[in-house]
2 protein chains.
Amino acid sequence: MNIGTVSERSGLPAKTIRYYEDIGLIAPDRRDNGYRDYSMEDMHRLRFLQRSRSLGFSVEECRQLLSLYGDRDRESAEVKAIANAKLGEIDRKIAELQGLREMLGHLVANCHGDHRPECPIIEGLSGRAPVH
Amino acid sequence: MNIGTVSERSGLPAKTIRYYEDIGLIAPDRRDNGYRDYSMEDMHRLRFLQRSRSLGFSVEECRQLLSLYGDRDRESAEVKAIANAKLGEIDRKIAELQGLREMLGHLVANCHGDHRPECPIIEGLSGRAPVH
DNA sequence: TGTCGGCCTTCCAGCAGGTGGAAGGTCAAG
DNA sequence: CTTGACCTTCCACCTGCTGGAAGGCCGACA
């Protein structure tokens with residue numbers, strides 16, 4: 001399969017696929033003309049990457065997951081540990097964003113939003129009228 | 001004030017403060033010895049930057065807010081519009097993360113997490129057993 | 001046979017938003 | 001006069017790609 005084909009089927013841009021090869025996540029064959037030639041196994045790995053990236057795993061985490069993916073002797077506990085760590089990260093990020101949302105929402109709610117210069121948002125950001 | 005002092009008082013690393021100068025967010029005086037010399041006004045701007053960055057505004061948005069901050073004739077509507085746009089972005093991000101959380105939580109919940117190789121997480125990521 | 005469009009290749013640069021480190025100048029205390 | 005903490009500039013690096021230039025290759029059509 002040419003890169004255009006796997007790109008379409010995996011949902012990853014060709015540029016990204018070449019980049020994944022650069023950083024050693026995948027190693028397709030080459031044809032005589034220099035074109036990359038992807039096997040079905042390569043396709044599965046790319047699809048795997050696409051999904052795990054979109055679930056928020058970092059490239060390095062994807063590298064780990066990918067090696068577990070190809071490991072017949074893996075222990076599911078190992079995979080679960082990685083996924084659980086990521087779950088914790090996601091939870092922390094959500095909590096952080098909710099904190100921001102509350103603070104910013106507070107500022108916005110108190111601002112007239114008219115032609116006058118008085119603005120609690122600016123005041124809040126400047127720290128003169130701290131928001132808690 | 002030296003950079004170390006403003007760094008401590010604004011909560012921004014010295015490196016970051018120099019970087020903000022590089023990109024034109026701030027322009028402190030210089031002493032004869034070449035050291036940067038920060039005024040109280042500079043301090044307020046840095047604190048403003050620290051707060052607005054930590055509330056999720058991009059550097060370019062901070063630049064806009066900062067120019068409104070120093071503008072006696074600003075209209076609060078302008079500030080409110082920027083803040084409201086950011087609020088929408090934060091909401092979208094939260095929703096996206098909650099989606100991820102749900103999907104990943106689903107995978108994790110179904111994984112034994114023991115010494116056996118069978119792993120619904122890996123299967124889910126590989127796309128063989130799609131999760132909805 | 002030429003040539004045209006669409007694919008493929010490599011390489012280099014750049015995005016955000018900093019961070020790390022090297023090499024060197026300055027200052028205040030002891 | 002030295003020591004150590006501070007300050008300076010400059011350049012490279014981080015993540016995860018993305019864009020573009022310059023050139024090779026392939027299949028169809030005239």
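Going from atom CD1 of A:I17 over to atom C1' of D:dT18 covers 14 Å, rounded to whole Å. Following rounding to the nearest Å, B:I23 (CD1) and C:dG18 (C1') show an atom-to-atom distance of 9 Å. When rounded to the nearest whole Å, the span between CG of B:D22 and P of C:dG17 equals 15 Å. For the pair A:I3 CD1 and D:dC26 P, the interatomic distance rounds to 16 Å; values are reported in whole Å. Summarising the geometry, the separation between CG on A:D37 and P on C:dC7 is reported as 18 Å, rounded to the nearest angstrom. Put simply, CE on A:M1 is 17 Å from P on C:dC7, counting in whole angstrom units. Rounded to whole angstrom, the span from the CZ atom of B:F57 across to the P atom of C:dA16 amounts to 18 Å. For the pair A:E60 CD and D:dC14 P, the computed distance is 11 Å after rounding to whole Å.
Taking for each of A:N33 and A:K15 the nucleotide of DNA chain D with the nearest heavy atom, the 5'-most of the two is the partner of A:K15. Between A:Y38 and B:S58, the residue anchored closer to the 5' end of DNA chain C is A:Y38, taking for each the nucleotide with the nearest heavy atom.
Of the charged side-chain nitrogens involved, at least one lies within less than 4.0 Å of a carboxylate oxygen, so that B:E60 and B:R63 count as a salt-bridged pair. The existence of a salt bridge linking B:K86 and B:E61 is confirmed by a sub-4.0 Å separation between a basic side-chain nitrogen and an acidic carboxylate oxygen. In summary, B:E89 and B:R92 do not engage in a salt bridge, as defined by a charged side-chain N under 4.0 Å from a carboxylate O.
Considering only side-chain atoms of B:R36, the nucleotide from C:dG17, C:dT9, D:dT8 that sits closest is D:dT8. Considering only the side chain of A:N2, C:dC8 comes nearest among C:dC8, C:dG18, D:dC17.
The side-chain heavy atoms of B:E118 and A:S76, taken from C-beta on, include no pair separated by under 4.5 Å.
Note on B:Y20: a side-chain N or O is less than 4.0 Å away from OP1 or OP2 of C:dG18. Remark: A:T16 is not in phosphate contact with D:dG16, judged by side-chain N or O atoms under 4.0 Å from OP1 or OP2.
No hydrogens or angles considered: a donor-acceptor pair under 3.5 Å links the side chains of B:D42 and B:S39.
Within 4.0 Å of A:R18, counting heavy atoms only, lies at least one base atom of the nucleic acid. Across all strands shown, B:R30 has heavy atoms under 4.0 Å from sugar-phosphate atoms exclusively, and none from any base.
On a pure distance criterion of 3.5 Å, a polar donor-acceptor pair joins the side chain of B:Y35 and the base of C:dG25.
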